[in-house]
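Input: a single structure, listed below in structure tokens.
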Amino acid sequence: MSELPISSPYRSRPDAPVTDSEREQLNARLNAAYTDGRLSADDYQARLDTLFGASTLGQLVPVVDGLLPATTYDSPAMVAPSGGEPGQLSEARDVRRVSLGVVVAVAGVLVVIAVLFLVLVGLG
């Protein structure tokens, strides 16, 4: 029995034709699995033979069964791994830089308010 979920196109649409795009994607996944050592040479060759001999998605179940799922999204930079270990704290930020930035921003706002006040008083 296949480990694929019923929602997988290989099981939910077994009679659909195999597209060239699908063949290329599966070929890349097989190559990656073989390169990473997750497939033996014999298993890799058998899956390639099945892949290029298949005409419907249902015939590809033995090819994709047991492969890592295909990546369907890119991780946003915000959640990309930073190289640390889980639970490891990052270095503290330099508070002086942040404080200086806040002081400069507040001073700039005060100067703008003062100029506007002087312009309004001068007009009145």
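Scope of the values below: all heavy atoms of this structure, side chains included, with no hydrogens, waters or symmetry mates. If you read the sequence from its start, that first residue is 1, and numbering goes on from there. Owing to the predicted nature of the structure, the values given are computational and were not obtained by experimental measurement.
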Closest heavy-atom contact between [X] and [Y]?
{"X": "Gln59", "Y": "Thr50", "answer": "O-CG2, 3.5 Å"}
{"X": "Asp15", "Y": "Thr56", "answer": "O-CG2, 3.9 Å"}
{"X": "Glu22", "Y": "Leu60", "answer": "CG-CD1, 4.3 Å"}
{"X": "Pro14", "Y": "Ser12", "answer": "CD-C, 3.4 Å"}
{"X": "Val64", "Y": "Arg29", "answer": "CG1-NH1, 4.4 Å"}

Side-chain heavy atoms nearer than 4.5 Å, only ILVMFWY residues, links allowed to pass through others: does that put [X] and [Y] together?
{"X": "Val102", "Y": "Leu110", "result": "yes"}
{"X": "Val104", "Y": "Val112", "result": "no"}
{"X": "Tyr44", "Y": "Phe52", "result": "yes"}

Is the closest side-chain heavy-atom distance between [X] and [Y] below 4.5 Å?
{"X": "Val63", "Y": "Leu48", "result": "no"}
{"X": "Asp65", "Y": "Tyr10", "result": "no"}
{"X": "Asn27", "Y": "Glu24", "result": "no"}
{"X": "Arg11", "Y": "Leu57", "result": "no"}

Q. Hey, what do you get for CG (Leu118) to CD1 (Ile113), rounding to the nearest 0.5 Å?
A. 12.0 Å
Q: Please name all residues satisfying side-chain hydrogen bond (donor to acceptor under 3.5 Å, both in side chains) with Gln45, sequence neighbours left out, ordered by chain then number.
A: Asp49
Q: Could you pull out all residues at least two apart from Arg38 that satisfy side-chain hydrogen bond (donor to acceptor under 3.5 Å, both in side chains)?
A: Asp36
Q) Looking just at side-chain N and O atoms, do Asp43 and Tyr34 make a donor-acceptor pair shorter than 3.5 Å? A) no
